[in-house]
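Here the structure is laid out as structure tokens; the discussion comes afterwards.
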Amino acid sequence: MASFLNKFQDAVRTFARSPRFTKDPRKLQFEDDINRLFMYTSYNNLGKNVDEADAEQIIDMASKASFADQQKQVQENIHNQIKSLCTVMDAILLDVNEPQESQSKATPSRSGLSFAIGRNGPTNNHPDVPKTRPLKRTELSQRLKDSIGYTLDVKQSQIPHSEAGQGLFLNGEATVGSVIAIYPGVIYSPAYYRYIPGYPRVDAQNTYLITRYDGTVINAQPWGFGGETRELWDGLKMLDAKLNRDATEKGSDRLWKMLSKPLESSRVGNGEVLERRNPLALAHFANHPAKDMVPNVMICPYDFPLTEKDMRAYIPNLSFGNAEEVNMRRFGSFWFRWGSRNSESNGPVLKTLVLVATTALCDEEVLLNYRLSNSKRRPSWYTPVDEEEDQRRWS
């Protein structure tokens with residue numbers, strides 16, 4: 001295992017120095033990441049019986065396969081893992097011996113959607129909601145660990161600085177290439193940036209925003225810790241106030257808050273039923289490593305196909321607006337409308353993010369390289385893991 005990882009790191013460094021990519025540093029960093037994810041997730045796919053010869057073959061494939069083929073394989077590898085996790089969650093939560101209730105007959109917990117449409121509003125357009133076992137989140141989390149070997153906890157971070165706050169911890173053991181967490185929340189395509197709460201100062205009072213390489217922004221603040229049941233969720237529930245108890249709000253921040261556009265419930269999702277107890281929907285609590293520490297996970301873009309109806313409840317994301325309405329193209333730091341309606345050849349997807357283990361994990365804090373931009377002043381606690389990666393990411 002150690003030998004494989006050392007060879008892999010050498011391969012990554014060689015790839016990153018390739019002169020044919022130097023004209024587009026941002027693309028280089030993305031292809032570098034996909035190259036790593038291809039090797040990590042392919043290695044994970046082989047299971048416990050992997051040997052040195054298999055590892056050598058993966059490295060050889062990574063050096064020869066096109067970027068498009070690697071990207072496609074990463075999506076397939078991640079999807080297979082997510083599908084297995086959903087199957088496990090179904091086995092834990094669904095009571096196949098109980099009759100299923102239609103959402104129009106069931107009494108879901110009151111969400112933002114129910115307030116928006118009224119207590120007696122029509123609900124017969126909503127999908128049937130399976131009856132689930134009344135497990136508390138802690139019980140569900142423990143049963144998940146019993147099934148797959150790990151779960152997640154949120155508790156005081158071990159990062160030695162005053163702003164670290166709560167951190168994400170893996171409880172159990174996970175192998176290299178495992179999907180260990182999903183980044184939850186409301187998804188904004190570039191066409192809807194202006195609707196992100198707080199726009200244009202979107203990060204003034206929100207540290208739970210993350211951006212994919214394609215420009216998609218995910219706001220995890222409304223998700224918070226999740227919930228205690230499977231319910232209709234429209235993205236209006238806000239983060240528990242205690243998570244921001246140490247935040248200070250300056251006068252200018254209050255002004256931007258007042259000017260910010262409110263979330264429009266009619267433009268968020270379709271009243272989908274989500275399993276808000278999902279123990280792995282906590283990626284937004286992962287901290288950046290302190291000096292002399294190294295990250296043990298990396299971000300992976302995952303396009304969840306909405307045609308997978310049986311899995312939908314376990315994907316903790318909603319799209320703001322219709323992500324397929326407008327085709328946007330990036331030029332430098334700006335996004336422009338480009339062409340006509342953007343249609344996906346393989347059907348509609350949710351553009352989400354997951355965290356993938358880059359080493360074997362065992363009862364430890366999950367650490368993610370934030371790769372903050374160097375174009376503005378960074379927080380005092382931020383120590384770059386790799387300054388060149390940061391520069392390429394935001395070039």
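Taking CG from N296 and SG from C362, the interatomic distance works out to 12.0 Å, rounded to the nearest 0.5 Å. Note: H79 NE2 to S84 OG = 9.5 Å, rounded to the nearest 0.5 Å. Note that CD1 of I34 and CD of Q73 are 12.0 Å apart. Values are rounded to the nearest 0.5 Å. Atom SG of C300 sits about 6.0 Å away from atom CD of Q75, to the nearest 0.5 Å. The CG atom of D32 sits 9.5 Å away from atom CG of L37, with the distance rounded to the nearest 0.5 Å. Of the inter-residue distances, the one linking L168 atom CG with L282 atom CG reads 6.0 Å to the nearest 0.5 angstrom.
Side-chain atoms of I187 and S319, non-hydrogen and from C-beta on, do get closer than 4.5 Å to each other. N317 is not listed as a side-chain neighbour of V186, based on a closest heavy-atom distance of 4.5 Å or more. Counting only heavy atoms from C-beta outward, the side chains of W233 and P222 approach each other to under 4.5 Å. Counting heavy atoms from C-beta outward, P301 and K351 have side chains that stay 4.5 Å or more apart. In this structure the side chain of T358 never reaches within 4.5 angstrom of the side chain of R36, judged on heavy atoms.
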For this session: Just do the side chain to side chain contact (heavy atoms under 4.5 Å, CB included) check on R133 and I92 with the steps written out, would you?
Result: CA-CA 8 Å; R133 297 184 176 96; I92 297 171; 5.7 Å; no
For this session: For the pair V217 and V202, evaluate side chain to side chain contact (heavy atoms under 4.5 Å, CB included) and give the outcome as yes or no after the intermediate values.
Result: CA-CA 11 Å; V217 173; V202 296; over 6 Å; no
For this session: Go through Q81 and N77 one step at a time and tell me if the side chain to side chain donor-acceptor pair (under 3.5 Å) criterion holds.
Result: CA-CA 7 Å; Q81 287 196 49; N77 293 344; over 6 Å; no
For this session: Start with the C-alpha distance between E308 and Y314, add both sets of side-chain angles, then the distance that settles side chain to side chain contact (heavy atoms under 4.5 Å, CB included), and finish with yes or no.
Result: CA-CA 11 Å; E308 296 276 11; Y314 302 113; over 6 Å; no
Problem set entry | Stepwise side chain to side chain contact (heavy atoms under 4.5 Å, CB included) test for T132 and L94 | CA-CA 5 Å; T132 58; L94 297 189; 3.9 Å; yes
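Between the Q156 side chain and the G165 main chain, a donor and an acceptor come within less than 3.5 Å of each other. Proximity of a side-chain donor or acceptor of S141 to a complementary backbone N or O of R137 within less than 3.5 Å is not detected. The backbone N or O of L135 sits less than 3.5 Å from a side-chain atom of R277, completing a donor-acceptor pair. In this structure a side-chain-to-backbone donor-acceptor pair under 3.5 Å is present from N80 to E76. The closest donor-acceptor contact from the side chain of Y40 to the backbone of V356 lies at 3.5 Å or more, if one exists at all. Judged by distance alone, with hydrogens and angles left aside, the side-chain atoms of E365 form a donor-acceptor pair with the main-chain N or O of Q158 at under 3.5 Å. Between the Q70 side chain and the S63 main chain, no donor and acceptor come within less than 3.5 Å of each other.
Smallest separation of non-hydrogen atoms from L280 and T151: CD2-CA, 4.5 Å. Between P197 and Y188, the shortest heavy-atom distance links the atoms CD-OH, 3.4 Å. Of all the heavy atoms in V88 and S147, the pair that sits closest is CG1-CB, 3.6 Å. Summarising the geometry of I82 relative to Y302, their closest heavy-atom pair is CG1-CE2, 3.9 Å, with the distance given to 0.1 Å. Looking at every heavy atom in both residues, L350 comes nearest to I315 through CD1-CG2, 4.2 Å. Between R26 and R212, the shortest heavy-atom distance links the atoms NH2-O, 4.4 Å.
Note: the hydrophobic cluster containing Y213 also contains I299 (ILVMFWY, side chain heavy atoms under 4.5 Å, direct or indirect links). Taken together through direct or relayed side-chain contacts under 4.5 Å among Ile, Leu, Val, Met, Phe, Trp and Tyr, F169 and V154 form parts of separate hydrophobic clusters. No path of Ile, Leu, Val, Met, Phe, Trp and Tyr side chains, each step under 4.5 Å between heavy atoms, connects L367 with L372, placing them in separate hydrophobic clusters. Note on M293 and M298: separate hydrophobic clusters, where clusters join Ile, Leu, Val, Met, Phe, Trp and Tyr whose side-chain heavy atoms are under 4.5 Å apart, directly or indirectly.
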Show me the donor-acceptor pairs, under 3.5 Å and distance only, between side chains in residues 170-183 and residues at least two apart or in other chains.
from: N171; atom 1: OD1; to: K145; atom 2: NZ; distance (Å): 2.7
from: N171; atom 1: ND2; to: D153; atom 2: OD2; distance (Å): 3.1
from: T175; atom 1: OG1; to: N44; atom 2: ND2; distance (Å): 3.0
from: T175; atom 1: OG1; to: S178; atom 2: OG; distance (Å): 3.0
from: S178; atom 1: OG; to: N44; atom 2: ND2; distance (Å): 3.1
from: S178; atom 1: OG; to: T175; atom 2: N; distance (Å): 3.4
from: S178; atom 1: OG; to: T175; atom 2: O; distance (Å): 2.9
from: Y183; atom 1: OH; to: Y208; atom 2: O; distance (Å): 3.2

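Between R393 and the options L28, T211, D386, a side-chain contact (heavy atoms from CB on, under 4.5 Å) holds for only T211.
When the salt bridge (charged side-chain N to carboxylate O under 4.0 Å, His left out) test is applied to K309, no partner is found at least two apart in sequence or on another chain. Every residue two or more places apart in sequence or in another chain was checked for a salt bridge (charged side-chain N to carboxylate O under 4.0 Å, His left out) with E139, and none qualifies. R378 pairs by the salt bridge (charged side-chain N to carboxylate O under 4.0 Å, His left out) definition with E387, D390, not counting sequence neighbours. Residues satisfying the side-chain contact (heavy atoms from CB on, under 4.5 Å) test with V385, not counting sequence neighbours, are H288, P289, P295, N369. In this view, A164 and S157, I159, H161, N287 satisfy the side-chain contact (heavy atoms from CB on, under 4.5 Å) rule, not counting sequence neighbours.
No more than 12 heavy atoms of other residues, nucleotides or ligands lie within 6.0 Å of CD in E388, so this atom counts as exposed by the packing criterion. For D310, the CG atom is loosely surrounded, since the number of other residues' heavy atoms within 6.0 Å does not exceed 12.
Taking the six-membered ring where the residue is Trp, the centroids of F225 and F285 are separated by under 6.0 Å.
Note that R276 lies in the cation-pi zone of W223, set by a 6.0 Å cut-off to the ring centre and a 45° limit from the axis.
Counted by atom type alone, N35 and E31 present zero donor-acceptor pairs between their side chains at under 3.5 Å.
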